[in-house]
Amino acid sequence: MTVNYELLEKQLVALLSDETDLLALSANFVGLLHAEIPRISWLGIYVVRGDTLVLGPFQGLPACVRIPMGQGVCGTAAREAKTLRVDNVHAFEGHIACDPQSISEIVVPLRNRDEVFAVLDIDSPFEARFGRQDQQGVERLCGRFVQRLSDLRPDLTEFI
Ligand code: SME
């Protein structure tokens, strides 16, 4: 079951164009992706607050609220400012287990002016759920989202 990321990108652009409130845009960004990406258990944003990632808008079960920068998959992706795709989180040293059902994960840093201000985290109960095509697609969607946020607030480094 592959995702039509091109179509999803068009839907996202339309959804984001209607509103200017960053919190509302973030909530709908998460809602759309969660509805359209199959075989996932959790999808949400962690925002950077100093040395910590703090839970933001998400869909799924209640999750860990604070993740120290550099720890877990989310904290590592944020610190290294690069997307991490993990086929089996149990093999990832320092993985933070919020949900024991989560097996694979993709985390995409959200950057403005070279500074990571948040990450998008997607978890799946299936091993190796996220392939290269998913990475490219999700990165494009995140790019659109960040573009809209930074158009609305050019000095964006911390948000919500
Ligand atoms: N597994 C993540 C923690 C966040 S949750 O899964 C929602 C990690 O290792 O960063």
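Count residues from 1 along the sequence. In each ligand, atom 1 is the first atom listed, and ligand 1 is the first ligand listed.
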Got the closest protein heavy atom to [atom], with its distance?
atom                    : result
atom 6 (O) of ligand 1  : Asp123 OD2, 2.7 Å
atom 5 (S) of ligand 1  : Cys98 SG, 3.3 Å
atom 10 (O) of ligand 1 : Cys74 N, 2.8 Å

Inset, instruction - Anything under 30° is parallel, anything over 60° is perpendicular, the rest tilted; go ahead and classify His90 against His95. - result: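 Ring orientation, 0 to 90° scale: perpendicular.
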Legend entry - Test item: side-chain donor near acceptor, Thr83 and Glu139, under 3.5 Å: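 Checked: Thr83/Glu139 side chains pair up, N/O donor to acceptor below 3.5 Å.
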At their closest point, which heavy atom of [X] faces which heavy atom of [Y], and how far apart are they?
X      : Y      : answer
Ile96  : Cys64  : CG2-SG, 3.8 Å
Pro57  : Ala27  : CB-CA, 4.0 Å
Ser150 : Asn112 : CB-OD1, 3.5 Å

Give the numbers and elements of all ligand 1 atoms closer than 4.0 Å to a heavy atom of [X].
X      : answer
Trp42  : 7 (C)
Gly72  : 9 (O), 10 (O)
Asp121 : 4 (C), 5 (S), 6 (O), 7 (C)

Legend entry - Option nearest atom 9 (O) of ligand 1 (shortest heavy-atom distance, choices Asp99, Val73, Val107, Thr76): Val73
Legend entry - N or O pair under 3.5 Å between Glu105 and ligand 1: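 Looking only at distances, the answer is yes, because the N/O contact criterion of under 3.5 Å is met.
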Legend entry - Polar proximity ligand 1 side, Ile96 side, N/O cut 3.5 Å exclusive: yes
Inset, instruction - Answer yes if Ile37 and Ile106 sit in the same cluster of Ile, Leu, Val, Met, Phe, Trp and Tyr residues linked by side chain heavy atoms under 4.5 Å apart, and no otherwise. - result: yes
